[in-house]
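Heads up, the thing below is written out as structure tokens.
Only this structure's heavy atoms are used, side chains among them; waters, hydrogens and symmetry mates stay out. Per chain, numbering begins at 1; letters A, B, ... match sequence-line order.
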Amino acid sequence: MMDKNFNPSEIEEKHYRDWEQAGVFSCDPNSDKTPYTIMMPPPNVTGSLHIGHALNHTLQDILVRYHRMRGYDVLWQPGTDHASIAVHMVLEKQLNEQGISRDEIGRKNFLEKAWEWKEYSGNTITSQLRRLGTTPDWKRERFTMDEGLSKAVLKAFVKLYEAGLIYRAERLVNWDPERQTVISDLEVIQKEQKGKMWHIRYPVEGEVEQFITVATTRPETMLGDTAVAVHPDDPRYKDMIGKSVILPITERLIPIIADEYSDPEKGSGAVKITPAHDFNDFEVGKRHNLQMISIMDEHANIVDKEFIPESYRGVSREKARELILTELEELDLLAGVETIKNTIPVGERSGVVIEPFMTKQWFCDTPTLAKPAAQAVRDGRTRFIPKQYENMYFSWVDNQLPWCISRQLWWGHQIPAWYDNDGNIYVAENEEEAQKQAGKGVELRRDEDVLDTWFSSALWPFSTIGWPEDTTELARYYPGDVLVTGFDIITFWVSRMMMFSLFFMDDVPFKDVYIHALVRDARGQKMSKSKGNVMDPLELIEKYGTDAVRFTLCAMAAQGRDIRLADERLQGYRNFITKIWNAAKYCEMNDCLSHKDFDPASAKSAPNQWLIHEINIVKNEIERSLDNYRFNEAANAAYQFVWGTFCDWYLEISKPLLQDEADKIDTIEVRKTTSWALKQILTLLNPFIPYVTEEIYANFYKKDENDRLITAKWPKYENSLVYSDAKETMEWLKSVVGEIRSLRADMNVPAGAKIELLVKGASERTKKSFKEYEEVIKRMARLSSISHVDTPPKGALQTIVGESCLILPIADIIDLEAEKARLNKVIRKIDDEIKKIEAKLGNDKFVNNAPEEVVTQQKSRKAEALDKRNKLYSALEQLSS
RNA sequence: GGGCGGUUAGCUCAGCGGUAGAGCACUUGCUCGACACGCAAGGGGUCACUGGUUCAAUCCCAGUACCGCCCA
């Protein structure tokens with residue numbers, strides 16, 4: 001016996017353990033099935049499951065389960081990412097609390113701690129993923145810093161270096177003075193703020209009382225100015241070009257140069273140039289061969305160097321600004337201040353202001369690598385779904401700047417480059433190899449830096465399955481079928497996988513990229529800890545069950561639109577899970593669990609044929625939707641069918657049929673059809689709601705220990721399972737019941753009262769149907785009897801279904817005036833409709849130009865409406881007479 | 001500033017060249033032995049605005065307004 005209530009938490013663990021132990025998640029490289037591959041976006045080891053993961057992994061799991069059932073050899077490759085900066089932040093915070101800096105404990109100890117912490121934290125996220133019921137091939141779980149992947153990273157670095165696509169250069173980079181490392185452009189957030197624009201007068205050399213006024217938001221950088229630029233066509237400055245100004249405070253002489261970078265419309269039209277502390281100025285500096293003076297150290301303090309006036313040495317950039325402004329004021333060189341809106345660069349993780357900083361770093365030539373990556377999408381070898389995300393992809397790959405890949409951190413892949421004392425570089429997969437290159441006895445020192453975390457992630461589609469070795473897995477599962485991810489990492493990750501995959505594998509990493517929505521809160525706000533509006537998927541699972549959470553996310557995952565997740569939705573879908581449970585209970589109580597030797601093509605009676613027909617349709621709908629990544633449509637089709645068709649109609653119809661012992665054959669067919677249908681429903685819904693379906697299956701259908709729904713075959717139906725006649729009959733039956741129910745409710749007939757039904761003008765076929773489904777109609781519409789008449793009695797309720805008129809002779813218990821009003825209302829509605837159709841049909845242009853089927857359709861609509869109106873009129877007359 | 005998306009029932013959202021849909025909420029009535037996390041019946045919409053294309057526009061096109069995102 002099934003429990004009265006469905007209790008998710010009790011069964012979820014049991015089934016998950018069983019699945020995992022049975023090894024059903026594993027791919028089989030030796031199988032002759034077609035492979036289907038999804039590479040899981042590796043969550044950070046620091047991470048814990050958030051609602052975005054829940055959506056991402058639910059959708060992947062649905063695809064994976066669906067394809068497994070359809071007979072593919074599925075590899076869902078799981079793993080985690082080492083998340084270099086994030087781990088540093090966690091560990092350094094822990095150290096800080098003990099008052100220790102990372103330099104004090106040293107690189108070796110720090111890394112030991114990092115690994116310890118990874119062991120501890122890495123399992124958190126994967127065990128949380130298990131709670132979602134996801135079924136990746138856990139036995140193949142990888143980590144971006146495990147031995148194999150580390151080897152792949154070294155190999156990739158060396159190969160790219162040898163191809164000239166990785167190089168070391170001194171460049172202006174985004175420096176995070178808090179984290180003490182370079183960060184990439186993507187990790188810098190442009191934050192809008194209210195700022196100030198200071199106008200400063202620079203005295204022109206050799207002139208008395210002549211100045212050029214420059215405007216700047218960062219006066220402190222003037223210590224590093226090496227020019228003043230004006231527009232070459234600006235008449236105000238034409239004859240100043242080539243002269244010099246005396247840089248206030250430092251009193252260096254710097255040239256006035258002509259460059260189109262300065263905008264004559266803005267401010268005074270003259271702009272100070274600080275090549276070592278501004279990206280635009282850097283470019284100007286390069287063009288004019290200007291000196292690049294770095295005035296800050298790695299803490300963003302002013303350097304302690306001779307060319308800096310003494311009072312500024314060693315002070316912070318903020319303090320330097322104050323001092324400069326005071327001094328300029330004293331010198332009477334401050335021409336004015338205005339308040340403006342501007343943007344400042346802020347570190348994504350640290351939150352501090354990023355300093356453009358001159359250092360030597362490693363770069364990857366992504367502008368070159370991006371070309372084939374862009375082309376692959378333009379050629380359609382990889383497609384984005386929804387398509388509009390291709391724009392985001394193109395805007396990134398088509399405008400690539402070199403990617404700075406070195407980081408001044410310890411946790412990560414240490415760069416495989418060695419230096420000798422003369423500064424020569426040797427890049428190799430290991431020190432031995434480097435030593436060979438350098439020659440015996442040459443003293444070598446390894447580069448201290450590690451690679452950007454995304455470098456190893458970019459290799460994920462092939463490094464996880466064996467690259468650089470030639471493994472069977474690599475040959476079999478590469479390229480992947482689809483990548484499922486959020487739009488926020490198209491730039492960080494997707495584009496880089498494309499670049500590296502095309503370079504190393506000479507093929508795209510996946511055929512489809514499905515971009516899913518962002519999950520927001522009920523009010524459309526982005527969830528964040530600081531706002532306190534995060535919904536913890538584990539709490540939701542506790543509260544509603546895993547199936548409900550999964551189904552909700554799936555049902556709301558419409559393409560191209562964010563998900564606003566509200567409690568009510570979860571409740572609604574939790575109710576749906578319960579509904580399925582109860583429907584199964586009904587089947588059990590009515591002995592509808594065995595369908596041995598039942599062939600759906602053998603069904604004879606209309607309700608059974610109709611149900612089979614509808615199952616066939618919903619199956620096709622689910623397939624079509626999933627094949628096109630229309631998850632919400634698949635979920636809604638399933639929902640409507642199970643609740644609206646199976647429960648509300650079929651099971652209700654089955655009740656009187658199952659009580660009717662007179663016709664044994666019919667009863668048996670109903671039992672078998674119900675049982676068969678329930679099993680189809682469980683199978684079709686298993687990818688979405690694996691637990692409740694597996695549990696019911698285990699209760700009713702499980703043949704032996706190794707029989708599980710998760711490994712069941714996806715249904716395939718004969719083309720013959722299309723029953724249009726049965727569908728027509730059942731639609732008629734639904735209309736009859738519906739009309740009577742509606743009439744009763746409108747006229748306030750007590751729900752408990754059993755009343756008589758008279759039918760006028762029924763065709764032979766209709767009469768036959770009334771006879772055949774008499775018990776069903778009587779029960780569902782709460783009728784005492786059904787009989788046919790030629791003339792309706794006076795003052796009865798009437799309604800029209802098809803050609804026949806349904807009459808409820810209950811004049812004594814209803815209000816005749818109310819009935820007249822009701823009829824008039826219905827007639828008015830139908831008149832409006834007729835008017836609309838007539839207008840159309842009266843329009844020659846419509847009749848001549850519209851496709852013929854549209855015209856005939858309108859004509860038959862009109863005929864039907866007219867017929868119905870006539871019948872309603874006579875009903876009204878009858879009432880009045 | 002450039003680009004992209006959105007605007008449909010009270011709310012959250014589907015849909016789509018020819019009858020406007022769902023869930024929740026709301027109203028009314030129900031102990032019809034699966035289910036009140038339920039059953040049944042309802043009410044509720046100038047499909048943001050202005051033009052254009054079309055026999056026909058909520059849907060296609062252009063523009064406007066507002067909201068959101070991405071990139072400078």
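Between the side chain of Arg569(A) and the base of C24(B), no donor-acceptor pair under 3.5 Å is found.
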| note | The dot-bracket string of RNA chain B, counting Watson-Crick and G-U wobble pairs with both distances under 3.5 Å, using [ ] for crossing pairs and | for pairs to another strand, is (((((((..((((....[..)))).(((((.......))))).....(((((..]....)))))))))))).
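Ion pair Glu833(A)/Lys829(A) not flagged as a salt bridge, since none of the NZ, NE, NH1 or NH2 atoms sits closer than 4.0 Å to an Asp/Glu carboxylate oxygen. Look at Arg861(A) and Glu864(A) and you find no salt bridge, because none of the NZ, NE, NH1 or NH2 atoms lies under 4.0 Å from a carboxylate O. Ionic pairing of Glu633(A) and Arg624(A) is present here: one or more N-O contacts between side-chain nitrogen and carboxylate oxygen are shorter than 4.0 angstrom.
Rounded to whole Å, the separation between the C1' atoms of G23(B) and G18(B) comes to 28 Å. A distance of about 15 Å separates the P atoms of G21(B) and U46(B), rounded to the whole Å. Comparing G68(B) with G29(B), their C1' atoms are spaced 44 Å from each other, to the whole Å. With both ends at atom P, the span from C60(B) to G6(B) equals 9 Å, rounded to whole Å. G45(B) and A9(B): their C1' atoms are spaced 5 Å apart (whole Å).
Using a 30° and 60° split on the angle between ring planes, Tyr514(A) and His516(A) fall in the tilted class, from 30° to 60°.
For the pair Gln388(A) CD and C4(B) P, the interatomic distance rounds to 11 Å; values are reported in whole Å. In this structure, Phe631(A) places its CZ atom 18 Å from C1' of C13(B), rounding to the nearest Å.
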| said: Does Lys871(A) form a salt bridge (Lys or Arg N to Asp or Glu O under 4.0 Å) with Asp867(A)? I'd like the steps, not just the answer. | reply: CA-CA 6 Å; Lys871(A) 292 193 163 105; Asp867(A) 181 55; 3.0 Å; yes
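Counted within 6.0 Å of NZ on Lys820(A), heavy atoms from surrounding residues, nucleotides or ligands total more than 12; the atom is thus considered enclosed.
Along RNA chain B, the nucleotide nearest Asn632(A) and the nucleotide nearest Lys585(A) are compared for position; the residue whose nucleotide lies closer to the 5' end is Asn632(A).
A cation-pi contact, defined as under 6.0 Å to the ring centre and within 45° of the axis, is absent between Arg779(A) and Trp649(A).
Separating the CG atom in Leu678(A) from the CD1 atom in Ile696(A) is a distance of 6.5 Å, to the nearest 0.5 Å.
Between Phe631(A) and Phe551(A), a ring centre-to-centre spacing not shorter than 6.0 Å is recorded. Checked against a 6.0 Å centroid threshold, the rings of Tyr573(A) and Tyr639(A) count as neighbours.
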| said: For a quick check, with a 4.0 angstrom heavy-atom cut-off, what is the B/S/- contact string for nucleotides 36-42 of chain B, read 5' to 3'? | reply: -BSSSSS
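Residue Asn636(A) is out of contact with every strand shown, counting any heavy-atom pair closer than 4.0 Å.
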Could you list all N or O pairs between the protein and nucleotides 17-19 of chain B that sit under 3.5 Å apart?
residue: U19(B); atom: OP1; partner: Lys840(A); partner atom: NZ; Å: 3.0

